[in-house]
Amino acid sequence: MPYKIIFFGTSEFSTPSLQALIDDPRFEVTAVVTKPDQPVGRHQFLTKPPVKILAEKFNIPVYQFQKIKTPDTYQTLSDLQQRHGIDAYVIVSYGKIIPQNILDLPKRGVINVHGSLLPKHRGASCVQAAIASGDRQTGVTVMLLDAEMDHGDILAQAETEISEAETGGQLHDRLAQMGGELLTRALVDYFENKITPQPQDHALATYCKMLTREDGKIDWNKSALEICNLIRAYNPWPGTWFEWQGKRLKILKAAPVDLSKNLQAPNIGQLLQDRNRLLVLCGDQKFIEILELQPEGKKPMSGQTYLAGHKI
RNA sequence: CGCGGGGUAGAGCAGAUGGCAGCUCGCCAGGCCCAUAACCUGGAGGCCGUGGGUUCAAGUCCCACCCCCGCAA
């Protein structure tokens with residue numbers, strides 16, 4: 001008899017975990033809960049969440065509750081519980097807070113996959129936070145959900161190195177994949193009582209907030225290293241940018257540079273040309289080279305290409 | 001019909017008041033040099049997004065359409 005699971009998830013981070021559960025004969029994904037379709041993109045087309053697309057492909061029933069904290073929602077999930085005897089909920093990047101009375105429904109509790117080594121980087125932007133903080137390694141955590149955010153007992157963790165040039169998007173995809181692999185193993189061990197859930201050391205907890213595009217505005221007073229890490233971390237979401245000559249310039253790729261010679265003292269945050277390189281002075285008096293950028297209304301281009309057509 | 005920017009040489013950009021298209025980089029050839037991503041000389045390369053219209057004459061004015069992108073979500 002496979003373990004019966006209801007999967008809660010929405011974003012691209014969720015899909016590898018859902019896929020792992022589907023592919024593993026030891027589990028049966030009885031239903032999938034995901035956020036309602038959202039208007040997306042320049043023309044606001046109504047778009048299905050990635051998790052919904054995957055679920056439909058395997059003919060798994062999909063539930064999209066407008067609100068979780070309603071008697072109707074509770075009733076629906078309660079019915080599913082009675083009808084199928086669900087063993088556990090698995091929640092991966094669902095995007096909504098689930099009330100306690102629902103969390104109490106499944107027989108063996110609620111399991112969560114988180115994209116960091118808890119207790120570090122609790123919260124919504126854990127992947128970006130790891131790179132932005134300059135961490136050299138991170139990982140994924142499979143844990144039991146409790147009332148507080150990313151606070152529950154740990155079932156399993158897997159670590160990985162963050163490479164020098166890795167972007168948030170690349171790391172996101174890797175962690176999502178790792179999460180799926182770790183999830184199925186940890187879940188079986190947990191069901192078979194082979195692991196003892198370990199409480200987190202809450203004194204070491206750090207938190208990261210939900211990111212918006214505003215968070216990607218570059219503060220040139222920070223150090224060159226901090227800024228480079230931020231650019232890497234926030235690529236592709238939420239992206240990093242600053243205002244230049246009344247236009248918005250997105251920075252897609254940058255690197256710290258060592259300059260032996262002294263350039264004419266520029267202001268912090270001002271673009272500067274050195275040969276065919278596009279430089280900016282940061283708060284610690286060090287330069288970064290902008291390798292790839294995207295002016296408002298234009299396609300992405302290299303710093304050198306930008307210089308070919310723009311006087312600085 | 002959410003707001004806005006843009007489609008001109010391979011790339012990035014200029015082209016007030018309409019008159020036979022220019023800049024930077026790249027590319028090709030040659031030169032200089034121990035050497036070079038540096039420098040010098042010369043050269044190739046453009047139905048100016050598409051279709052109409054106004055005009056003696058349109059990249060430049062008018063209309064329609066296609067495509068790309070930023071914001072917003």
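Chain identifiers are assigned alphabetically (A, B, ...) following the order of the sequence lines, protein sequences preceding nucleic acid strands; residue numbering begins at 1 within each chain. Please read these numbers as outputs of a predicted model, since none were measured by experiment.
- Salt bridge absent: A:Lys222 and A:Asp284 never bring a charged side-chain N and a carboxylate O closer than 4.0 Å.
- For the OP1/OP2 pair of B:A37 and a distance below 4.0 Å, the side-chain nitrogens and oxygens of A:Arg275 include no atom meeting the criterion.
- When distances run from any side-chain atom of A:Arg248 to the nucleotides B:G70, B:A73, B:C69, the shortest one goes to B:G70.
- Across all strands shown, nothing is found opposite B:U17 as a Watson-Crick or G-U wobble partner with both distances under 3.5 Å.
- A:Lys247 has no side-chain polar atom (N or O) that falls below the 4.0 Å cut-off from OP1 or OP2 of B:C71.
- With a cut-off of 3.5 Å on both Watson-Crick or G-U wobble distances, the partner of B:A64 is given as B:U50.
- A salt bridge does not link A:Asp87 with A:Lys4: every distance from a Lys NZ or Arg NE/NH1/NH2 to an Asp or Glu carboxylate oxygen is 4.0 Å or more.
- Across every strand in view, B:G30 sits in a pair with B:C40 that passes the Watson-Crick or G-U test at under 3.5 angstrom.
- A 3.5 Å limit on both hydrogen-bonding distances identifies no Watson-Crick or G-U partner for B:U55.
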Quick test: give all pairs of protein nitrogen or oxygen and nucleotides 21-27 of chain B nitrogen or oxygen below 3.5 Å, distance rounded to 0.1 Å.
| residue | atom | partner | partner atom | Å |
| --- | --- | --- | --- | --- |
| B:U24 | O2 | A:Ala308 | O | 3.1 |

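- You'll find that the side chain of A:Glu296 is closest to B:G70, out of B:G70, B:C68, B:G12.
- Judged by distance alone, the side chain of A:Thr141 and the main-chain N or O of A:Leu118 form a donor-acceptor pair under 3.5 Å.
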